[in-house]
Q: 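Here you go, one structure.
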Amino acid sequence: MYGFSAPMTPSSPLILALRLHNSIPPPRFHVSFSSVSRSMSPAMEPQERPQVEASAPRSNDFSSDGVAHKSKVTVVGSGNWGSVAAKLLASNTLRLGSFHDEVRMWVYEETLTSGAKLTDVINSINENVKYLPGVKLGKNVVADPDLENAVKDANMLVFVTPHQFMEGICRKLVGKIKSNVEAISLIKGMEVKMEGPCMISSLISQQLGINCCVLMGANIANEIAMEKFSEATVGYRENRQIANKWVQLFSTPYFLVTAVQDVEGVELCGTLKNVVALAAGFVDGLEMGNNTKAAIMRIGLREMKAFSKLLFSSVKDTTFFESCGVADLITTCLGGRNRKVAEAFAKNGGKRSFDELEAEMLQGQKLQGVSTAREVYEVLSHRGWLELFPLFATVHEICIGHLPPSAIVEHSERRARLSLLDGSATQYC
């Protein structure tokens, strides 16, 4: 991605330009996100931005003795992105009076090569030496290897684990969380069940009986950890006030967060871009060049949009122009882990498995694209949509060895019933 050589400040030209573009005033203790005022066609009109600013506490923010409630935050997950999320949150809970200072972070316990427990090391030196080495998380971040203990006092839960583990985590949390909990998912993936695909935010809501927003965007974790400028998108359903609170909790001068009322659209963008990133990696591994890669990204964006709108007619076109959409697709196809491992896969002619390459290259981190490609393929196959999504189908077939990596350009632009991909998707639902 773009490696800024100096930290971005509130007066940096890029940030000033973005604030002008989004009609966002310079940051104070509370940042106000107002509506974008841009001249564009009605089909591309921007999402309305929730306002995040200081406000008087509501009556239900007080206990019976008149003491204002403070929200307590727990991060469920402690990998690369989970650790960066904890760092962002911890910087804000210290300065915002409506939150407890402490941010608890559930850590899947591991024994390091030194023999020390990962949680002990995090708590002693304030650093996740395995997944985010060299970055201090904030002294108010407390690592906890006990999932139930980590969440028991929280009323704001941030989920950020590999998506394949979420169903098991939710089962463990049933009956263990407070009744007034609000959740947000930073997880990119979905579950495929007999009755159809289930987004992770829906899985959390259904299993735990709580509201769940999502946060997605062009967010390579290590760059955010170094406080290089980035954007993200919060997707919410109906409660704009809760969306405001999440925006407030995540926003920093170098991490610009906005909100849109489109949970499924935001979440599917974050999920599907990993499949396209695999295709971009195949192109890089075969040294096909930037023109080919740009074509793959264009086709991928088109299939992302069509697939999303087939599954959920409520998905908004404008969501694909947010950070969670085209921006996340670009950064993931240029610098994400899925692209990186797919490049190695193609260079080896598909002779080394993704599992082998993941273990060798990612130091314990997990790929999301390969499992998501399989899940998307299952949905396409079950619903008879394979011919409509040649790129998605081809990526999966390459991943499982049915096609060579070079098939990414031989099969990705087959044209079949493309009127579906050009805006008439709902008639096939």
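The first residue of the sequence shown is numbered 1, and numbering continues consecutively from there. Owing to the predicted nature of the structure, the values given are computational and were not obtained by experimental measurement. All values below come from the heavy atoms of this structure, side chains included, with hydrogens, waters and symmetry mates left out.
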Q: Mark yes or no for whether Asn239, through its side chain, and Gln241, through its backbone, hold a donor-acceptor pair below 3.5 Å.
A: yes

Q: Side chains of His163 and Glu191: donor-acceptor distance under 3.5 Å anywhere?
A: no

Q: Any side-chain heavy-atom pair from Leu96 and Gln248 closer than 4.5 angstrom?
A: yes

Q: Checking Glu109 side chain against Leu118 main chain: does a donor-acceptor pair fall under 3.5 Å?
A: yes

Q: Is the backbone N or O of Ser323 less than 3.5 Å from a side-chain atom of Asp328, with the two atoms forming a donor-acceptor pair by type?
A: no

Q: Is it true that Ser98 and Lys70 share a donor-acceptor pair across their side chains at a distance under 3.5 Å?
A: no

Q: Do Met297 and Ile330 touch side chain to side chain, with heavy atoms closer than 4.5 Å?
A: yes

Q: Pair up each side-chain donor or acceptor in residues 125-133 with any protein partner under 3.5 Å, not counting sequence neighbours, and list the distances.
A:
| residue | atom | partner | partner atom | Å |
| --- | --- | --- | --- | --- |
| Asn126 | OD1 | Leu137 | N | 3.4 |
| Asn126 | OD1 | Gly138 | N | 3.0 |
| Asn126 | ND2 | Gly138 | O | 2.5 |
| Glu127 | OE2 | Gly134 | N | 2.6 |
| Asn128 | OD1 | Lys130 | N | 3.3 |
| Asn128 | OD1 | Tyr131 | N | 3.1 |
| Asn128 | ND2 | Ser78 | O | 2.7 |
| Asn128 | ND2 | Ser83 | OG | 2.9 |
| Lys130 | NZ | Glu110 | OE1 | 2.4 |
| Tyr131 | OH | Glu110 | OE1 | 3.4 |
| Tyr131 | OH | Glu110 | OE2 | 2.7 |

Q: Taking the side chain as everything from C-beta on, heavy atoms only, tell me whether Cys333 gets closer than 4.5 Å to Arg339.
A: no

Q: For Thr394 versus Ala407, what's the shortest heavy-atom pair and its separation?
A: CG2-O, 3.6 Å

Q: Is it true that Arg352 and Glu360 have a side-chain N and a carboxylate O under 4.0 angstrom from each other?
A: yes

Q: Would you say the side-chain atoms of Glu267 pair up with the backbone N or O of Val214, donor to acceptor, closer than 3.5 Å?
A: no

Q: Show your reasoning for whether side-chain contact (heavy atoms from CB on, under 4.5 Å) applies to Met199 and Phe312.
A: CA-CA 11 Å; Met199 303 312 299; Phe312 300 98; 4.0 Å; yes

Q: Examine distances only and state if a side-chain atom of Lys309 and a backbone atom of Val315 form a donor-acceptor pair shorter than 3.5 Å.
A: yes

Q: How are the rings of Phe307 and Phe389 set to each other: parallel, tilted or perpendicular (split at 30° and 60°)?
A: perpendicular

Q: If you count every heavy atom of other residues, nucleotides or ligands that lies below 6.0 Å from Lys172 atom NZ, does the total exceed 12?
A: no

Q: In Å, rounded to the nearest 0.5 Å, how long is the span from CZ of Phe320 to CE of Met304?
A: 6.5 Å

Q: Specify the closest pair of heavy atoms between Ile200 and Gly189, including all atoms of both residues, with the distance to one decimal.
A: CG1-O, 3.2 Å

Q: Just wondering, do Ser185 and Leu215 contact through their side chains at under 4.5 Å, heavy atoms?
A: no

Q: Taking atom CZ of Arg374 and atom CD of Glu397, what is their separation to the nearest 0.5 Å?
A: 14.5 Å

Q: Is any side-chain N of the basic residue among Asp262 and Lys316 closer than 4.0 Å to the acidic one's carboxylate O?
A: no

Q: Would you say Met216 and Leu186 make side-chain contact, with heavy atoms under 4.5 Å?
A: no

Q: Which atom pair, heavy atoms only, marks the closest approach of Val84 to Ala225?
A: CG2-CB, 3.8 Å

Q: Measuring from atom CD of Glu343 to atom CG of Leu278, what distance do you get when rounded to the nearest 0.5 angstrom?
A: 12.5 Å

Q: Rounded to the nearest 0.5 Å, what separation is found between the CG atom of Asn274 and the OG1 atom of Thr332?
A: 6.0 Å

Q: Determine yes or no for a side-chain-to-main-chain donor-acceptor pair under 3.5 angstrom, with Asn140 supplying the side chain and Ala90 the backbone.
A: yes

Q: Would you call the rings of Phe282 and Phe345 parallel, tilted or perpendicular, where under 30° means parallel and over 60° means perpendicular?
A: tilted

Q: Testing Val376, Val275, Val395, Leu391 one by one against Glu303 for a side-chain contact (heavy atoms from CB on, under 4.5 Å), which residue passes?
A: Leu391

Q: Do NZ/NE/NH1/NH2 and the carboxylate oxygens of Lys152 and Glu148 come within less than 4.0 Å?
A: no

Q: Go through the side-chain N and O atoms of Asn211 and Glu182 and say whether any donor and acceptor fall under 3.5 Å apart.
A: yes

Q: Give a yes or no answer on whether the side chain of Ser230 reaches the backbone of Ala218 with a donor-acceptor pair at less than 3.5 Å.
A: yes

Q: Once rounded to the nearest 0.5 Å, what's the spacing between atom NZ of Lys72 and atom CG of Leu157?
A: 12.0 Å

Q: Could you walk me through whether Val76 and Val151 pass the side-chain contact (heavy atoms from CB on, under 4.5 Å) test, one step at a time?
A: CA-CA 8 Å; Val76 180; Val151 304; 4.1 Å; yes

Q: Are side-chain heavy atoms of Ile224 and Phe229 found at a separation under 4.5 Å?
A: no

Q: List the atom of Val160, the atom of Gly82, and the distance in Å for their closest heavy-atom pair.
A: CG1-CA, 3.4 Å

Q: Side chain of Ser124, backbone of Val121: donor and acceptor closer than 3.5 Å?
A: yes

Q: Where do Asn155 and Ser71 come nearest, in terms of heavy atoms and distance?
A: OD1-CA, 3.3 Å

Q: Walk me through it: do Val234 and Thr258 pass the test side-chain contact (heavy atoms from CB on, under 4.5 Å)?
A: CA-CA 6 Å; Val234 166; Thr258 55; over 6 Å; no

Q: Between Gln261 (side chain) and Arg237 (backbone), is there a donor-acceptor pair under 3.5 Å?
A: yes

Q: Excluding sequence neighbours, so at least two apart, what forms salt bridge (charged side-chain N to carboxylate O under 4.0 Å, His left out) with Asp144?
A: Arg104

Q: Looking at Lys347, Lys293, Lys340, which hits side-chain contact (heavy atoms from CB on, under 4.5 Å) with Asp284?
A: Lys293

Q: Do Phe392 and Val276 come within less than 4.5 Å of each other through their side chains, counting heavy atoms only?
A: yes

Q: Measure across Met166 and Phe159 and return the closest heavy-atom pair with its distance rounded to 0.1 Å.
A: CE-CD2, 3.6 Å

Q: If you define the side chain from C-beta out and look only at heavy atoms, does anything of Trp246 sit under 4.5 Å from Val158?
A: yes

Q: Is the backbone of Leu367 close enough, under 3.5 Å, to the side chain of Glu358 for a donor and an acceptor to pair up by distance?
A: yes

Q: Nearest 0.5 Å, what's the CD-CG distance between Glu102 and Leu89?
A: 13.0 Å

Q: How about Thr271 and Lys188: does a side-chain donor come under 3.5 Å of a side-chain acceptor?
A: no

Q: For a side-chain contact (heavy atoms from CB on, under 4.5 Å) check, start with the C-alpha distance between Val263 and Cys213, then their side-chain angles and the critical distance, and finish with the verdict.
A: CA-CA 7 Å; Val263 169; Cys213 297; 5.6 Å; no

Q: Please check if the number of heavy atoms outside Lys178 that lie under 6.0 Å from its NZ is greater than 12.
A: yes

